[in-house]
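Just so you know, ligand 1 is whichever comes first in the structure, and atom 1 is the first atom listed for that ligand.
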Amino acid sequence: MKLIAPSVLSADFSKLGEEIKSVEKAGADWIHLDVMDGHFVPNLTIGPEIIKASNKVTDLCLDVHLMIENPDQYIDQFIDAGADCISVHYETTTHLNRTVQLIKQKNIKAGVALNPATPINTLEWVLEDLDFVVIMSVNPGFGGQSFIPNTIEKIKALKTMITKKNLPTLIEIDGGVNEKTIQKISHAGTDVFVAGSAIFKSSNYKETITKLKSKW
Ligand code: DX5
Ligand code: ZN
């Protein structure tokens with residue numbers, strides 16, 4: 001099954017609750033929340049309090065994308081705040097297996113995100129523990145960037161790796177997903193599509209989400 005996960009990074013934060021409810025009504029499957037620390041990525045965004053507030057307005061799966069150094073230090077706080085899925089960046093943790101176990105211990109979904117230049121074989125010995133892999137198709141930090149074309153090959157290679165190992169691991173794509181790019185991304189083997197600006201900068205969320213879903 002394919003899923004759409006609007007990224008609230010491009011939403012109007014002055015009415016975040018309404019924005020989340022609007023995309024839920026418009027057909028969103030997950031809500032993607034981008035946590036940035038100003039160190040791992042050159043931008044600062046939200047913390048556990050906003051996850052907690054988001055959890056009050058929706059029952060959809062809260063997909064928390066941690067773009068922070070020392071993720072181990074904060075994982076429990078995000079779980080307590082209501083995260084249903086947490087992804088950490090491969091590039092931010094020395095003991096990836098331990099970090100993944102910290103997430104899984106609390107019975108929520110664990111994912112690892114890879115920057116555009118990070119190879120997929122870094123995940124070979126942890127893949128079986130992952131519920132999902134986030135392939136970044138832009139350099140993390142900002143919404144509204146262009147999709148990096150060689151990501152298509154990377155998704156295909158990851159799909160092959162997952163299939164060979166006969167695993168249920170989902171492939172999530174994050175960055176530059178829009179009506180023009182979604183079809184190729186989907187055909188390459190993607191399961192979860194994060195889309196920020198394509199949805200929140202559009203004038204009709206329902207129309208946009210329906211169109212995106214019609215093309216995958
Ligand atoms: C970027 C974030 C994305 C971002 C995607 O670092 O991880 O989730 O919101 O934005 P769009 O869909 O506009 O590329
Ligand atoms: Zn993200």
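A heavy-atom separation below 4.0 Å is not found between K201 and ligand 1. A198 does not count as a contact of ligand 1, since none of its heavy atoms falls under 4.0 Å from the ligand. Close to ligand 1: F142, with a non-hydrogen atom less than 4.0 angstrom away.
Within D174, the N, O or S atom lying nearest to the Zn ion (ligand 2) carries the name OD2. The atom of H32 nearest to the Zn ion (ligand 2) is NE2, with the search restricted to N, O or S atoms.
Taking both residues in full, the closest heavy atoms of A198 and A195 are given as CB-CB, 4.4 Å, listed atom of the first, atom of the second, then distance. Residues K154 and T118 approach most closely at NZ-O, 2.8 Å, considering heavy atoms. For the residue pair M136 and N115, the shortest heavy atom distance occurs at CB-CA, 4.1 Å. Listed here is the closest heavy atom pair of I108 and I79: CD1-CG1, 3.7 Å. I162 and L127 get closest at one heavy-atom pair: CG1-CD2, 4.0 Å. Smallest separation of non-hydrogen atoms from K104 and A110: CG-CB, 3.7 Å.
A salt bridge links K52 and E49; the closest N-O separation between the charged side-chain nitrogens and carboxylate oxygens is under 4.0 Å.
For ligand 1, none of its N or O atoms has an N or O atom of M36 under 3.5 Å away. For the pair A195 and ligand 1, the shortest N or O to N or O distance does not fall below 3.5 Å. Considering backbone and side-chain N/O of G196, one or more are found under 3.5 Å from N/O of ligand 1. Polar contact with ligand 1: absent for M136 (N/O pair, distance under 3.5 Å). For the pair N139 and ligand 1, the shortest N or O to N or O distance does not fall below 3.5 Å. Distances between N or O atoms of D34 and those of ligand 1 include at least one value under 3.5 Å.
With a heavy-atom cut-off of 4.0 Å, S7 touches ligand 1 through its side chain alone.
Note: H89 and F40 have tilted aromatic rings, judged against thresholds of 30 and 60 degrees for the angle between ring planes.
Within the model, atoms CG of L123 and CG of D129 stand 11.0 Å from one another, a figure rounded to the nearest 0.5 Å.
Here is the list of ligand 1 atoms found below 4.0 Å of a heavy atom in P140: 6 (O). Those atoms of ligand 1 that come under 4.0 Å of a heavy atom in H32, given as number and element, are 8 (O).
Rounding to 10°, one obtains 90° for the angle at the Zn ion (ligand 2) between ND1 (H65) and OD1 (D34).
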